[in-house]
Amino acid sequence: MSALTTRRFLQTAGLLMAGFVLAACGKKEAPAEAPAAPAASAPAAAAPAAKVYAVGTDAAYAPFESQNEKGEIVGLTVDVVTAAAKKAGIEVKFVNTPWEGIFNSLQQGDRDMLASSITITDERKQTMDFTVPYFDAYQLIAVKADSKVAKFDDLKKLKVGVQTGTTGDEVVTKQQGKNSTNIKRFESTPLALKELEAGGVDAVVADNGVVINYVANNAGAKFKTVSDKAFAPEQYGFAVKKGNAELLGLLNKGIADIKADGTYDQIYTKYFGAPPAAPAAAASK
Ligand code: ARG
């Protein structure tokens, strides 16, 4: 080998060695650098998380919204909202919210929407916007099995329990007058029904679904129900803050989709044993 060749060889070898060393270092350091990898995709992770809509519900209203043994909020309302939200591509989370402050929580922006077996009324429409109806209901009277009450009119002079601020409260207040001391108002419908069982009131007026469910699950209370054509038909809707057209549109689309593909009827059947006689969809305005 000439001196030149030798030098070249050594230079080349040196470069190769350096290369090996670098490669080795690189390899060795690879694990240490691994945590840096997610950092590279950090911009994606840092992107704003999808909004989770807070759904206010008074979860003392089985079979529509109630808490199971694990404290989870369950029921027809939960299933309908969840299925509709999925179709609309939005995420929701239920927040137990006392009925008493439920409309205020929407007004204040603490809740994005309300799903609580809320009857769509002209009065409520002044202060909030409603989706298309998702459930048909009417008022039903609960009395002790041996009661002589046979129609709504028979309650005029009796002590009647209602949940404060509900449509049941409204009809009884209209019948007995604002100042009637015979109307006993409770913060939940089950509390009113317990008072009926205890004999503190002569009757309870509340939504049919909840009354029927309570009577069925509390045989020991010895109640019967009395229906009356005098009660106007009611429809439940989900409420959003007045003017929240974006969320309203998403929910209406979701409700329409689950009614169209049979999901709604499936949910209804899960809770009531059969699909609705005339789908609530037909009544949507
Ligand atoms: N439908 C009735 C109303 O809107 C009663 C609803 C009560 N809902 C409840 N989760 N407590 O006035």
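Indexing begins at 1, ligand by ligand and atom by atom, following the structure's order.
Evaluated for a ring pair (Phe, Tyr, Trp, His ring centres under 6.0 Å) with Phe64, the options Tyr214, Phe135, Tyr134 yield exactly one hit, Phe135.
Put simply, the side chain of Asn68 gets close to the backbone of Lys70: a donor and an acceptor are under 3.5 Å apart.
Between Lys253 and Asp257 there is a salt bridge, since a side-chain N of the basic residue sits under 4.0 Å from a carboxylate O of the acidic one. With respect to the salt-bridge test (charged N to carboxylate O, under 4.0 angstrom), the residues Asp129 and Lys242 qualify. Under a 4.0 Å N-O distance rule, the pair Lys148/Asp154 does not qualify as a salt bridge.
Taking a cut-off of under 4.0 Å to the non-hydrogen atoms of Ile118, the atoms of ligand 1 that pass are 4 (O).
Note: Ser117 OG to Trp99 CH2 = 8.0 Å, rounded to the nearest 0.5 Å.
Polar contact with ligand 1: absent for Glu234 (N/O pair, distance under 3.5 Å). Considering backbone and side-chain atoms together, Thr166 places no N or O closer than 3.5 Å to any N or O of ligand 1.
Considering only non-hydrogen protein atoms, atom 8 (N) of ligand 1 sits nearest to Ser116 O, 2.8 Å. The nearest protein atom to atom 6 (C) of ligand 1, hydrogens excluded, is given as Ser117 O, 3.2 Å; this is a heavy-atom distance. Of the protein's non-hydrogen atoms, the one nearest atom 11 (N) of ligand 1 is Asp58 OD2, 2.8 Å.
With Gln163, Glu170, Arg124 as candidates, the residue nearest to atom 3 (C) of ligand 1 on a non-hydrogen basis is Arg124.
When only modelled atom types and interatomic distance are considered, Asp207 and Gln139 share a side-chain donor-acceptor pair under 3.5 Å.
Under 4.0 angstrom from ligand 1, the non-hydrogen atoms of Asp207 all belong to its side chain. By the criterion of a heavy-atom distance under 4.0 Å, the side chain of Tyr236, and not its backbone, is placed next to ligand 1.
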